[in-house]
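Right, one structure below, let's go through it.
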Amino acid sequence: MSLSKREEIIKRSLVIPEIIMPNSSLMKTLCELENSEIASTHYKVHKLEKEEAISRVKNFFDSNFKLHSVLTSKEFKVCGKSLLFIHPTNPYKIPLTYIDSKDIFTGSLYEYFPKDSDKIIFQTIYLNRIITELTSATYVHELTHTQIDSLSGCLSNYYDAELLSIFLELVHSHSIDQTENLLRINDSRRILEMLTVSERLLSTPRTQEEILFEDFKYLNSGLKAYNLFYLYYYGTTELKKEILDSVNEVFKGNITLEDLLKKYEITYENSQDEKKLKKYFYR
């Protein structure tokens with residue numbers, strides 16, 4: 001039986017968040033960004049061998065981070081009974097399931113709470129069956145979720161749950177393509193996503209809180225991820241390394257995501273800075 005969004009948030013030891021609506025100033029900025037060159041360009045995406053896409057992801061993580069093991073499960077039949085064997089696993093060994101989808105960004109992580117447990121079990125990562133240059137960024141996004149979701153207390157704000165996944169997706173795209181074509185494709189996608197969820201937030205009745213929780217999570221996480229990436233993108237080599245080292249400390253459980261955001265003075269409010277958003281997206 002699947003959990004409701006409220007049940008999931010409580011299960012993750014998080015506080016039920018307040019529903020927040022985007023203000024008119026942010027809506028104006030997002031509408032202007034939608035008409036920017038970066039969001040209106042038609043991009044070409046090339047197919048890629050599956051092995052190369054996976055190799056790019058492993059090289060990215062191994063060069064910058066130390067990933068910790070996460071819990072996975074296997075089902076065994078013993079004397080006619082089904083037994084679930086839960087064990088620590090290298091996150092690279094979480095099974096990949098390839099699905100048919102028209103969306104080249106398709107990717108999701110299937111995780112669940114076993115009965116009477118607050119430990120998250122990671123079962124599979126879904127990726128588009130058609131492997132392209134964008135697949136590795138999607139895989140980076142989902143693997144980042146395993147590192148955050150598996151650490152109790154790592155996250156205090158449910159609305160920040162997508163933040164590091166989006167941030168590292170951008171860092172990875174930037175690192176493997178000096179022409180920035182892949183980064184710009186991701187930028188275009190995120191502009192549309194932030195505008196879409198903002199419009200839906202304003203039109204969805206307050207009674208439909210599951211939709212509102214999810215939409216504001218992507219808006220908040222997206223804005224904060226770009227605030228952090230702005231520092232990374234325009235920062236010195238030393239600052240870039242420091243930021244990735246800070247992310248690694250989150251993965252290790254030495255600091256929380258909230259600690260990282262405080263360190264770089266990132267809030268939902270200052271992540272709406274119109275000048276910074278336009279400087280980055282109009283580059």
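For the ring pair (Phe, Tyr, Trp, His ring centres under 6.0 Å) test, residues two or more places apart in sequence or in another chain that qualify with Tyr233 are His174, Phe229, Tyr280. Taking Tyr126 as the reference, nothing meets the ring pair (Phe, Tyr, Trp, His ring centres under 6.0 Å) condition, with sequence neighbours excluded. For the side-chain contact (heavy atoms from CB on, under 4.5 Å) test, residues two or more places apart in sequence or in another chain that qualify with Thr267 are Glu269, Asn270. Remark: His87 pairs with Thr72, Lys74, Phe85, Thr89 by the side-chain contact (heavy atoms from CB on, under 4.5 Å) rule, at least two apart or across chains. Partners of Arg189 under the side-chain contact (heavy atoms from CB on, under 4.5 Å) rule, at least two apart in sequence or in another chain, are Phe105, Glu169, Asn186. Not a single salt bridge (Lys or Arg N to Asp or Glu O under 4.0 Å) links Lys50 to another residue, sequence neighbours left out. In this structure, the side-chain contact (heavy atoms from CB on, under 4.5 Å) partners of Thr138, at least two apart in sequence or on a different chain, are Leu127. Residues passing the ring pair (Phe, Tyr, Trp, His ring centres under 6.0 Å) test with Phe281, sequence neighbours excluded: Tyr226.
Among residue pairs with one or both ends in residues 191-204, those qualifying as salt bridge (Lys or Arg N to Asp or Glu O under 4.0 Å) are Arg190-Glu193, Arg200-Asp215; sequence neighbours excluded. Residue pairs meeting the ring-ring contact (aromatic ring centres under 6.0 Å, His included) criterion with at least one member in residues 136-161, sequence neighbours excluded, are His141-His145, Tyr159-Phe216.
Atom OG in Ser173 sits 10.0 Å away from atom CG in Asn181 (nearest 0.5 Å). Distance check, rounded to the nearest 0.5 Å: CD of Glu209 to CZ of Arg206 gives 11.0 Å. The CZ atom of Arg12 sits 11.5 Å away from atom CD1 of Ile148, with the distance rounded to the nearest 0.5 Å. One distance of note links CG of Asn248 with CD1 of Ile243; it measures 14.0 Å at 0.5 Å rounding. With rounding to the nearest 0.5 angstrom, the CZ atom of Phe251 is 5.0 Å from the CG atom of Leu168.
Distance alone, capped at 3.5 Å, places no donor-acceptor pair between the Ser165 side chain and the Glu162 backbone. No donor-acceptor pair under 3.5 Å is formed between the side chain of Ser221 and the backbone N or O of Tyr218. No side-chain donor-acceptor contact under 3.5 Å links Ser188 to the backbone of Arg184. Side-chain N or O atoms of Gln147 include one that pairs as donor or acceptor with a backbone N or O of His68 at under 3.5 Å. With hydrogens and angles ignored, the 3.5 Å screen pairs no side-chain donor or acceptor of Asn227 with any backbone N or O of Lys224. Lys240 contributes a side-chain N or O that, together with a main-chain N or O of Gly235, makes up a donor-acceptor pair within less than 3.5 Å. Between the Asn128 side chain and the Ser101 main chain, a donor and an acceptor come within less than 3.5 Å of each other. Judged purely by atom type and a 3.5 angstrom limit, Thr41 has no side-chain atom pairing as donor or acceptor with the backbone of Tyr43. Using a distance-only test at 3.5 Å, with no hydrogens or angles considered, a donor-acceptor pair links the side chain of Glu133 to the main chain of His46.
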- I would like to know whether Tyr110 and Gln123 meet side-chain hydrogen bond (donor to acceptor under 3.5 Å, both in side chains); could you show each step before the answer? CA-CA 6 Å; Tyr110 182 71; Gln123 186 160 321; 4.9 Å; no

- Test side-chain contact (heavy atoms from CB on, under 4.5 Å) on Ser150 and Leu71 and set out the steps. CA-CA 8 Å; Ser150 58; Leu71 296 179; over 6 Å; no

- Walk me through it: do Leu244 and Phe167 pass the test side-chain contact (heavy atoms from CB on, under 4.5 Å)? CA-CA 10 Å; Leu244 295 185; Phe167 172 70; 4.3 Å; yes

Review item, side-chain donor-acceptor pairs of residues 17-26, under 3.5 Å, at least two apart:
from: Asn23; atom 1: OD1; to: Ser25; atom 2: N; distance (Å): 3.2
from: Asn23; atom 1: OD1; to: Leu26; atom 2: N; distance (Å): 2.8

Donor-acceptor list for residues 51-60 side chains, cut-off 3.5 Å, not counting sequence neighbours:
from: Glu52; atom 1: OE2; to: Arg56; atom 2: NE; distance (Å): 3.2
from: Asn59; atom 1: ND2; to: Ser55; atom 2: O; distance (Å): 3.3

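Using a 4.0 Å cut-off between charged side-chain N and carboxylate O, Glu214 and Lys217 make a salt bridge. Remark: Lys11 does not engage Glu8 in a salt bridge, criterion side-chain N to carboxylate O under 4.0 Å.
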